2 protein chains.
Amino acid sequence: MARIRLIDVAELAGVSMKTVSNVVHSYPHVAPALREKVQAAIDQLGYRPNLTARRLATGKTGMIALAIPEIDHPYFSELSRHLAEEATRRGYRVIIEQTLSDPDLERAVLSDREAGLVDGVIFHPVRMETLDIARLDAGTPLVLLGEAAMPVMTDHVMIDNVSAALDATRHLLASGCRRIAFLGVIAADITGSTNQRLLGYQQGLLEAGIRLDPELVFTALEFTAEAGLSSVAEAIERGVHFDGVVCRDDRFAIGALKALHNSGRSVPGDVAVVGWDNTFLAAYTSPTLTSVAPKKTELVAAAFDLLEERIAGYRGVGRHMIAGHSLAVRESAPLTP
Amino acid sequence: MARIRLIDVAELAGVSMKTVSNVVHSYPHVAPALREKVQAAIDQLGYRPNLTARRLATGKTGMIALAIPEIDHPYFSELSRHLAEEATRRGYRVIIEQTLSDPDLERAVLSDREAGLVDGVIFHPVRMETLDIARLDAGTPLVLLGEAAMPVMTDHVMIDNVSAALDATRHLLASGCRRIAFLGVIAADITGSTNQRLLGYQQGLLEAGIRLDPELVFTALEFTAEAGLSSVAEAIERGVHFDGVVCRDDRFAIGALKALHNSGRSVPGDVAVVGWDNTFLAAYTSPTLTSVAPKKTELVAAAFDLLEERIAGYRGVGRHMIAGHSLAVRESAPLTP
DNA sequence: CCGATAATGTACAGCGCTAGAAAGATATTT
DNA sequence: AAATATCTTTCTAGCGCTGTACATTATCGG
């Protein structure tokens, strides 16, 4: 069980440590015969380089951290998957940090936890705001995701929420909806995402010459399908009439679908529904869910590009990038009414 | 941007490195005045210990790897979450490795990739079989999950699939079902999970004195909701009569729900449906889905216990543990028919 | 056949931190 | 006051690998 070290291989092969190291790294200028001999020693001993030691010597860890609120939220688990694959492609490994939207855990991400452990951090904050982050952003290269915070000096990637909400609203308008609701405004949401989406929704209505009816802006208590369900159920009970809903979240949309189903309304016949995030949930509901689709691969690639530039030494002001989006059209809000 | 080192703090505070280290580690025998002076220097310089160096010196990394087929499969993302939380509780950090069910990537998990990077690995294999793993299981402490492989020398945790399938079948029988189908057998499944579940299903029927009708064992082409849907739709089309379905997977169950809905059958009125894994999907379908619920926290805790014993030096034969399960009863198969 | 250039190989000083040995200070006991 | 016990702090040898500086051996045109 005693670990085999570089020097053990070197001794067995009768060469210097550096030569073994050269073989391990496929350094070109090693005589074929020697290379073979060293390789034989490596195989015989079952030598595996100690990555921690290599890291200390090189100063590079080859790891990046992804800090997200919840691993098992579909949006984030899908994002994680894309990032993991992009990382593999670029020769990095990913360590996932779950903040649970806890301010202390979020702060920990930026302060001591990652020191010397990773080359960089991609962080989707929920509770920390611009100034908090600006204050703590220290040595480790950092790229932010989402709408919660965007300090001037820190790189940042998000999608254009206003324009995406506009697209969703236009889609519903194009298919004939005239009384379009928005689900939902949330007291606990301090990320600003909802506001931007609400803005796009309003703009869409305006374009079509429709006045915003405050009754059509539904409020939910928390970010769950159940909360979405009760919000919509309550509106129906109040007698609010609507023929379309833009939801800020696929989970709300699922709740809305259920509420509509319970009240005997057909989707999309009576009410068309658009979700947000295009998680795989959208393909599993009945009817399947039309959903705003952030281009996750684009988002991840952009974030990684920025991060690698930081890792390479860029020290300038923060770059703020917009990743693309589209609308994944499914049964709940088809193209033709 | 130059990193602050332990020695920098030591110089500023006018003490030795060890004293600073003692302060950092809250070693008790440091005079209060000195401790304060050192702390001041640490704060002033913004010193953060370099974890890589610490690791090299101590030989412990404080990290474990979780190797799973797909991060964004609900079962695994939920498992990851539990593991991440358990790890935090025990003072470890988790690095997630996605194998994508690729034999080469799975092999890589056990061979060179983790050397010296993590203290241990928790691995849910899909393609590698018992002998492959036995052959490669080298130095790093390892615990296996799932039914695919269980080498004698390696620790292993799973749930009792036979008994869980039996419970599910009994549940359907108790609520009056007599023609219970099983969805689905899959050609590509080499993990053995399906067989065990099928066994429990058969046993349940036997207990009730019902002969297994081969027509009621549905086959699917792959692990997707769509495949489940077509499998059930086809059976309906063939005129197969059934009043209950045990699904090997929540996604199959979702497909079944859709197929039944499309054919105008009511759930649970005409057909009761039980899924498997009790992922959060189960709460989002309509009707909500009764599902076999592996006790994920128990599973994770058991795996971590075994792993920590290995890390602590246990070298004996593999321990094979069974984690508990229950049935999460929801609308698709309520208790009373 | 020689000096010059390129190809190979060796030696060894770190990377930043930990932890045990040893030394220096202070308190307690006889 | 000497002797012993108890704290407190310093010294320093690694942890395993990398990369630079340097030594040695081929290769080659003229």
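Treat the numbers as computed from the prediction; the structure is a model and nothing was measured. In what follows, every chain begins at residue 1, and chains take the letters A, B, ... in the order their sequences are listed.
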**Prompt:** To the nearest angstrom, how far is A:H29 atom NE2 from D:dT25 atom P?
**Reply:** 19 Å
**Item:** A:R55 CZ to D:dG19 C1', straight-line distance once rounded to whole Å
**Value:** 19 Å
**Prompt:** Base, sugar-phosphate alone, or nothing: which one does A:T19 contact when heavy atoms must sit under 4.0 Å apart?
**Reply:** base
**Prompt:** Just checking, any donor-acceptor pair under 3.5 angstrom between side chains of B:S77 and B:S80?
**Reply:** no
**Prompt:** At under 4.0 Å between heavy atoms, what does A:Y27 touch on the DNA or RNA strands: base, sugar-phosphate, or nothing?
**Reply:** nothing
**Prompt:** Can you name the side-chain contact (heavy atoms from CB on, under 4.5 Å) partners of B:E86, sequence neighbours left out?
**Reply:** B:R89, B:R90, B:V300, B:F304
**Complete:** Side-chain contact check for A:K18: nearest option of D:dC17, D:dT20, D:dT9 is D:dT20
**Asked** Quick one: does A:I122's side chain get under 4.5 Å of A:L83's, heavy atoms only?
**Response** yes
**Prompt:** Going 5' to 3' along DNA chain C, which nucleotides are the first and last within contact of chain A (any atom under 4.0 Å from a heavy atom)?
**Reply:** C:dT8 to C:dG16
**Request:** Before accepting this row, confirm whether a basic side-chain N of the pair B:D155/B:R310 lies closer than 4.0 Å to the acidic partner's carboxylate O.
**Result:** yes
**Request:** Could you say whether B:A31 or B:M17 is positioned toward the 5' end of DNA chain D, judged by the nucleotide with the nearest heavy atom to each?
**Result:** B:A31
**Message:** Need to verify one output field. Residue with the more 5' nearest nucleotide on DNA chain D, A:I7 or B:N22?
**Reply:** B:N22
**Request:** Round to a whole Å and report the spacing from CD of B:E36 to C1' of D:dT8.
**Result:** 17 Å
**Request:** State, to 0.1 Å, how close A:A149 and A:E129 come at their nearest heavy-atom pair, and which atoms those are.
**Result:** CB-C, 3.7 Å
**Request:** Report the distance from atom CG of B:L6 to atom C1' of D:dT10, rounded to the nearest whole Å.
**Result:** 13 Å
**Prompt:** Looking only at atom types and distance, does a side-chain atom of A:T61 sit under 3.5 Å from a main-chain N or O of A:D119, one as donor and one as acceptor?
**Reply:** yes
**Request:** Return the value, rounded to whole Å, for the distance between atom CZ of B:R35 and atom P of D:dC7.
**Result:** 15 Å
**Item:** Atom-pair distance (CG on B:L56; P on D:dA13), nearest Å
**Value:** 17 Å
**Message:** In terms of relative ring orientation, are A:F76 and A:H124 parallel, tilted or perpendicular, with 30° and 60° separating the classes?
**Reply:** perpendicular
